[in-house]
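Being a predicted model, the structure only gives us computed values, none of them experimental. Chain A is the first sequence line, chain B the second, and so forth, proteins listed ahead of strands; every chain is numbered from 1.
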Amino acid sequence: MTPEEVASLIGSAFPDAVVDAPMNTLHPAVGVVPDRWREVALFLRDDPRLRFNLLRCLSGVDRIAEGRIELVYDLMSLRPAGDGRPWSCGAVAAVRIGVPRDGGSLPSVADVWPAAEWHEREVYDLLGVSFDGHPDLRRILCPDDWVGHPLRKDYVFPVEYHGIPGSTEFGQRSPRH
Amino acid sequence: MTAMPDAMFTSEPDLLFDAARDGPDGLRTEEMLINMGPQHPSTHGVLRVLLRTDGEMVVEAVPHIGYLHRCAEKIGENLQPYQFIPKTDRMDYLAAMNNNHVFSLAVERLLGVEVPERAAYIRVIMAELNRIASHLVAFGTYGLDMGAFTAVLYAFREREYILDLFEAACGARLTYSYITIGGVTFDLPERFIERLAEFLDYFEPKIDEYDRLLSYNHIFVKRTAGVGVISAEDAIAWGLTGPCLRASGVRWDLRRCLPYEIYDRFEFDIPVGRPGGGGIPRGVVVGDCWNRYFVRMQEMRESVRILRQCIAAIPAGEVRAKVPKNVRLPADEVYFEGENPRGQLGFLVVGDGSPIPWRVKARGPCFCNLSITSHVCRGVLLADVPAIIGSIDIVLGEVDR
């Protein structure tokens, strides 16, 4: 199934939930409004035409100029073939959701795809997006008492952390971007 | 393993309750919190698993990661892609060639670079050799976890030959940065292909030796068969990939199912987990620790098959496409996954028209594979926890990035 067909299936099931679906890119993704994401996720997983059972990746991208953080969910559907033949890939799709940088949140899909539980904790930790309904939303890679979200573009490295000086090898305290 | 006072756990309020109660025989029993790690031999690095135990049974296991976190993704946002390649070495440091390979492929897709034929073959040779080296470490250290010391000596003896080959090709033995954007950095040295063929002839019979030594060892089978069973549905739902997914009976390998590079030219099988009987020890079930271990042993044979086909077909020619160093990335993005020894490594590279990517996201297979630990370790025996964690075969450098 091509990304266009996936996009049109989502578009016909949730006409008011789809923002855009640009296809002239190397990574076609369907834009979805945050409030409707849970319904769309369940549809993507359970619809017999789609059956996206594998959440491959969840990435957060800080679009600081537009004042939002973009979440990209990469999905794949694995289909059994039987007779000892390799399974096949039914379809590959991506969903893109924009949330405001300040206080942005969206529904958690940790119960739809359990793989999302750690991915969402990582996005929460490194980009500061919160996921409503997540069973255990706390930092995962940084220490619990860390200040700030390192993958934000306006992140300033701490001057010190428990007595450890906090600057890079070039003496910078903020990213070059 | 040491028991820790409750006051140590500030971030897990649910684990702080007083579980003391009276047992059926009038004796007071209580649940105990045990920290396994961060310095524990069977966690293969700095991983802390917080175990809530009721006697010998594990009631709850919560992995705590991040001890090796270096925020490689932030570094990726400050370097040009070819400068980021050495950072990918340090993610899954037991399969650095594969990491270089997948990141290079992702950036090549973004730039639209075609790799020369010879370079593609060299990359497959390096990726498959590194797969063998990585599975050898998995085999050896899993033996250690299960109390069999000899296996690791055999594994490191053969791994040494592979590292010598890598050293001859690029000068490094662990962090290679050999595969790069557009191809590989140098052509193969003299006699490399002959030495590779000699190694394969030497190595292939050794796999049978490993099977006799460890795979069918009665004690080893008792420790791993039927332990930590993951169903195919659970494996997919938790995002498991690689040998962990195949051990659950899912015949899925990106090299065959969505071929990249030149993997569509090679003949090889995808080993999957099998139930006991017909040459497989009794008590083994699909998706258990033994199958996760044994899928890796079979994958080494398949890698040898691929390498032999590479030797037969490798052409002469250029080893690197002409890619300018200071190349501007288009304002587009690409998500690419490749089959690493531990599962599917993915990179999301977002360009913004400058030479430095706006975002580099790494999807580490170990990160996803480890996330199922809490689910599998619920209700198992304390002694099975190292068996389960070892069978998932994590490299903490990639879990934490």
Novice: So for A/Asn53, is it side chain, backbone, both, or neither that comes closer than 4.5 Å to the heavy atoms of chain B?
Specialist: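 Looking at A/Asn53, backbone and side chain both touch chain B.
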Novice: Considering only heavy atoms, which portion of A/Arg139 lies under 4.5 Å from any heavy atom of chain B: side chain, backbone, both, or neither?
Specialist: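 When you check distances to chain B, no heavy atom of A/Arg139 falls under 4.5 Å.
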Novice: So what's closer than 4.5 Å to chain B heavy atoms on A/Glu122: side chain, backbone, both or neither?
Specialist: side chain
Novice: Quick check against the 3.5 Å criterion: does B/Arg401 have a side-chain atom that pairs as donor or acceptor with the backbone of B/Ala72?
Specialist: no
Novice: Please work out whether the ring planes of B/Phe367 and A/His119 are parallel, tilted or perpendicular, with thresholds of 30° and 60°.
Specialist: tilted
Novice: For B/Ile65, is it the side chain, the backbone, both, or neither that has a heavy atom closer than 4.5 Å to a heavy atom of chain A?
Specialist: both
Novice: Less than 4.5 Å to any heavy atom of chain B: does that hold for the side chain of A/Ile140, its backbone, both, or neither?
Specialist: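 Looking at A/Ile140, backbone and side chain both touch chain B.
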Novice: Please classify the contact between A/Leu58 and chain B as side chain, backbone, both or neither, with a heavy-atom cut-off of under 4.5 Å.
Specialist: backbone
Novice: Taking side chain as everything from C-beta outward and backbone as N, CA, C, O, which of these in A/Ser88 sits under 4.5 Å from a heavy atom of chain B? Side chain, backbone, both or neither.
Specialist: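 Contact with chain B involves the backbone of A/Ser88 alone.
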Novice: Hey, is B/Arg256 close enough to B/Glu339 for a salt bridge, meaning N to O under 4.0 Å?
Specialist: no
Novice: Less than 4.5 Å to any heavy atom of chain B: does that hold for the side chain of A/Pro80, its backbone, both, or neither?
Specialist: neither
Novice: Where on A/Ile64 is there a heavy atom nearer than 4.5 Å to chain B: the side chain, the backbone, both, or neither?
Specialist: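 Contact with chain B: backbone and side chain both.
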Novice: Identify, with sequence neighbours excluded, every residue that meets side chain to side chain contact (heavy atoms under 4.5 Å, CB included) alongside A/Val19.
Specialist: A/Val33
Novice: Is it the backbone or the side chain of A/Asp62 that comes under 4.5 Å from a heavy atom of chain B, or both, or neither?
Specialist: backbone
Novice: Measure the acute angle between the ring planes of B/Tyr263 and B/Tyr260, then classify it against the limits of 30° and 60° as parallel, tilted or perpendicular.
Specialist: perpendicular
Novice: Counting N and O atoms only, with roles assigned by atom type, does the side chain of B/Asp264 sit under 3.5 Å from a partner on the main chain of B/Pro259, one being a donor and the other an acceptor?
Specialist: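 The answer is no, because no donor-acceptor pair under 3.5 Å joins these two groups.
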